[in-house]
Amino acid sequence: MLICEDESNLRELVRASLGPDYRFVEAGTVAEAEEALRVAAPDIVLLDLMLPGGSGIDVLHAVRRLPGDRIPVAVVSAWTTPEYRTAADEAGADAFMAKPFVPDELAELVTRLLP
Amino acid sequence: MTVRRPTTIAFRVLLGSAVLAIVITVALTALVLAVSSLRHAITAEARAKDTLTSALRLQTATGELQSSLRGYLLTSGKRFQAPWVLALRQIEPAERDLDVRVAGDPALRSRVRALEAEIETYVSDYARPLIALVQQQPEIGRSRTASDEGKRWSDQLRRRFNGLAASENARTADRAAAVRRASSIATGAAIAALVFSGVLITAIGALGARALSRRLRHAAAAASEIAGGEFSTRLPEAGPAELVELGRAFNTMAGALDASRQTLLEQNRQLEETERRKTELITIVSHELRTPLSGLIGFTNLLLARDFDEATHRRYLSIVHEESRRLSALVDRFLDVGRVEDEAFELQLDPVDLAQLLREQSELMLAESTRHTLVLGFPDGPLRVMADRERLAQVIGNLLTNAVKYSPDGGPVEVVVRDRGDTLRVEVVDHGLGIVDEDQPQIFTKFFRGRAAERGIPGTGLGLAVAREIVEAHGGEIGFTSRPGEGTTFWIELTRAPVAAPVA
């Protein structure tokens with residue numbers, strides 16, 4: 001699972017919420033995220049919209065451009081206005097979870113999205 | 001002092017009226033004179049008539065005198081004595097009457113006296129002696145009637161009377177002609193004056209009033225245009241003095257209206273701008289608060305819902321603690337919105353060790369970002385400034401946070417202190433995005449965020465505005481240099497503290 005989030009505490013929160021059954025790859029910037037996509041080939045991406053170096057939407061586009069099977073992407077963001085939700089949707093997000101989130105709900109979402 | 005002839009409407013109207021008044025006065029005077037001389041003429045004519053009538057009466061009386069004398073002679077003194085006496089008695093009153101009539105005229109008076117003397121001579125030197133003679137010798141009477149002397153007297157008297165009448169008539173004719181001439185001239189002058197007045201009045205009315213009316217209508221139209229929103233309308237400042245004044249006053253007013261409208265539009269624009277930014281701020285604030293809140297809610301939820309070992313438990317609790325403090329710091333920073341507006345910014349000034357403060361803040365910064373490295377450059381010796389430690393820490397913290405935020409790909413952040421004698425200069429240098437030229441003038445504006453929102457960089461747009469207020473309240477200066485794509489250097493300059501003071 002690729003976690004794209006610039007706050008280290010929140011990355012830790014995601015790890016803690018989802019438990020030890022997953023292998024985590026972390027990225028704090030758009031550049032790191034794109035690098036990780038190439039190198040680590042994640043099965044699922046959790047994506048914040050506010051990333052240094054660009055926008056989470058750019059990462060989303062990058063994910064959608066990858067060859068192969070479609071990787072599920074869940075956007076996890078504090079920016080919950082309709083415009084952002086629509087933008088995420090149009091860029092190809094599979095789900096949108098607002099921050100602050102309940103850890104169990106995030107875990108459930110991930111389970112649902114993974115094949 | 002030079003006296004310029006005023007070109008005012010008032011002057012022109014006054015001038016026209018004066019000319020008109022003079023012309024009319026002249027005309028009326030001429031008419032009055034004509035009437036007066038006519039009256040004189042009438043009076044003189046009446047008097048002349050009376051004189052002639054009186055002279056005629058005297059003539060008649062002398063005629064009767066002569067014929068009764070002749071009758072007396074013819075009848076040899078037998079008859080006509082009574083008529084003679086009657087006739088003689090009528091002479092004196094007639095003469096007296098004539099004397100009265102010609103009393104005011106010397107020429108006439110001398111003629112009349114001569115005439116009366118002649119009559120007197122006739123009576124005393126001719127008539128009476130003759131009568132006396134006939135009374136003594138009646139038979140002589142008849143022969144004397146055919147004598148030349150009687151005829152001579154008769155002709156003489158007649159000549160005198162005719163001369164008197166002729167001269168009187170001639171004078172009357174002369175007077176009549178003079179009066180006719182005078183009245184023609186007066187009438188002509190009056191008519192000319194009236195025609196001229198008519199032309200003058202028409203000219204004033206037609207030209208003056210119309211021109212004035214046109215200018216006034218023009219002014220009214222211009223006022224309507226301005227009322228309709230067309231503020232560039234102006235009146236010509238030319239012509240008579242009153243219209244120049246009107247034009248100038250109007251144009252000044254229009255100019256002032258235009259200027260104040262521009263000012264209001266500008267103020268409105270600025271208010272709208274501030275409003276917009278405030279709305280943006282509220283949105284940003286609510287989102288930024290969610291980040292530490294996510295940590296708080298998430299970790300406390302985990303801690304309550306699941307079991308963890310002691311170490312992990314402690315770790316998560318410390319994160320909760322950290323996020324709570326960050327939330328608190330955020331709230332404080334957002335509360336500064338109000339304080340930025342508030343002029344009464346109270347500072348507690350003490351000597352502060354700048355080096356220590358900078359190191360502290362830099363460590364905090366490093367804790368927030370693993371991608372950045374810190375480079376410190378301090379000169380030797382004590383670096384002390386007079387400052388409010390908390391506020392200064394806030395400013396340094398803000399500059400460092402910005403340095404990190406605006407170099408998202410990581411890199412070095414330099415913190416350098418320069419000794420400037422009386423002041424110390426702190427520079428915070430990043431090698432990140434830089435600030436584009438268009439944004440540079442607005443960097444310290446409240447709520448200004450430039451390109452930050454596009455790039456996903458969080459912030460309120462208040463940090464630098466607050467920082468500037470704080471630095472300037474210290475009597476210091478704040479500034480920056482930047483090149484897009486290469487990085488930014490923010491600097492602050494503060495007065496050194498006196499060396500001997502104890503350190504805060």
Side-chain angles (χ1 to χ4, degrees), chain A residues 3-21 26-35 46-60 75-85 87-88 97-109, chain B residues 279-280 282-309 312-313 315-327 367-372 404-411 432-433 451-459:
Chain A
I3 307 174
C4 305
E5 165 64 61
D6 62 329
E7 288 284 334
S8 60
N9 285 341
L10 292 182
R11 289 199 299 264
E12 179 152 359
L13 178 60
V14 169
R15 289 201 309 272
S17 307
L18 295 175
D21 297 333
E26 299 182 13
T29 67
V30 168
E32 283 175 20
E34 286 172 351
E35 172 84 18
L46 292 182
L47 181 55
D48 184 20
L49 289 178
M50 287 294 147
L51 285 177
S55 164
I57 302 290
D58 299 332
V59 177
L60 192 39
V75 170
V76 182
S77 180
W79 294 85
T80 56
T81 55
E83 349 164 351
Y84 283 96
R85 283 182 186 259
M97 173 140 273
K99 280 191 228 170
F101 58 85
V102 177
D104 287 346
E105 284 178 13
L106 183 65
E108 205 182 319
L109 175 62
Chain B
T279 313
E280 218 185 282
I282 290 170
T283 316
I284 293 166
V285 164
S286 65
H287 289 119
E288 266 202 51
L289 288 175
R290 285 184 189 162
T291 305
L293 278 175
S294 307
L296 284 174
I297 291 174
F299 280 111
T300 47
N301 189 295
L302 284 177
L303 287 168
L304 287 170
R306 308 181 195 176
D307 294 320
F308 298 97
D309 58 76
T312 316
H313 199 100
R315 172 155 174 71
Y316 289 172
L317 274 177
S318 80
I319 292 180
V320 165
H321 183 71
E322 193 189 316
E323 294 292 349
S324 313
R325 283 181 55 218
R326 282 174 68 189
L327 186 57
E368 299 217 355
S369 168
T370 50
R371 286 185 309 281
H372 293 84
V404 164
K405 275 203 296 204
Y406 289 89
S407 52
D409 296 328
L433 302 173
R451 314 287 144 119
E454 293 165 13
R455 293 178 178 280
I457 297 173

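In what follows, chains carry the letters A, B, and so on, assigned in the order in which the sequence lines appear, proteins first and then strands, with residues in each chain numbered from 1. Both backbone and side-chain heavy atoms feed into the values below; hydrogens, waters and symmetry mates do not. Quick caveat, the model's predicted, so the values are computed rather than measured.
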Checklist entry - To the nearest 0.5 Å, how far apart are CG in Leu106(A) and CG in Asn301(B)? => result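 Leu106(A) CG to Asn301(B) CG: 11.0 Å, rounded to 0.5 Å.
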
Checklist entry - Do you know which of Leu293(B), Leu289(B), Thr291(B), Leu296(B) makes side-chain contact (heavy atoms from CB on, under 4.5 Å) with Pro100(A)? => result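 When Leu293(B), Leu289(B), Thr291(B), Leu296(B) are each tested with Pro100(A), the side-chain contact (heavy atoms from CB on, under 4.5 Å) holds only for Leu293(B).
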
Next on the checklist: Regarding Arg306(B) and Asp104(A), does a basic nitrogen lie under 4.0 Å from an acidic carboxylate oxygen?
Outcome noted: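 Salt bridge between Arg306(B) and Asp104(A), a charged N being under 4.0 Å from a carboxylate O: yes.
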
Next on the checklist: More than 12 heavy atoms of other residues, nucleotides or ligands under 6.0 Å from CG of Asp309(B): yes or no?
Outcome noted: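 Yes, the 6.0 Å shell around CG holds more than 12 heavy atoms from other groups.
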
Which pair of non-hydrogen atoms, one from [X] and one from [Y], has the smallest distance, and what is that distance?
X	Y	answer
Phe101(A)	Ile297(B)	O-CG2, 4.3 Å
Tyr316(B)	Glu12(A)	CE2-OE2, 3.5 Å
Leu10(A)	Gly295(B)	CD2-N, 3.6 Å

Checklist entry - Where does Thr29(A) contact chain B at under 4.5 Å (heavy atoms): side chain, backbone, both or neither? => result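 Contact with chain B: side chain only.
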
Item to check | Portion of Glu32(A) that has a non-hydrogen atom of chain B nearer than 4.5 angstrom | outcome: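 For Glu32(A), the side chain is the part near chain B, not the backbone.
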
Checklist entry - With no hydrogens and no angle check, do the side chains of Thr80(A) and Arg290(B) hold a donor and an acceptor under 3.5 Å apart? => result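 On atom types as modelled, these side chains qualify, holding a pair under 3.5 Å.
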
Checklist entry - Are Glu323(B) and Leu13(A) close enough that some pair of their side-chain heavy atoms sits under 4.5 Å apart? => result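 Of all side-chain heavy-atom pairs linking Leu13(A) with Glu323(B), none is under 4.5 Å.
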
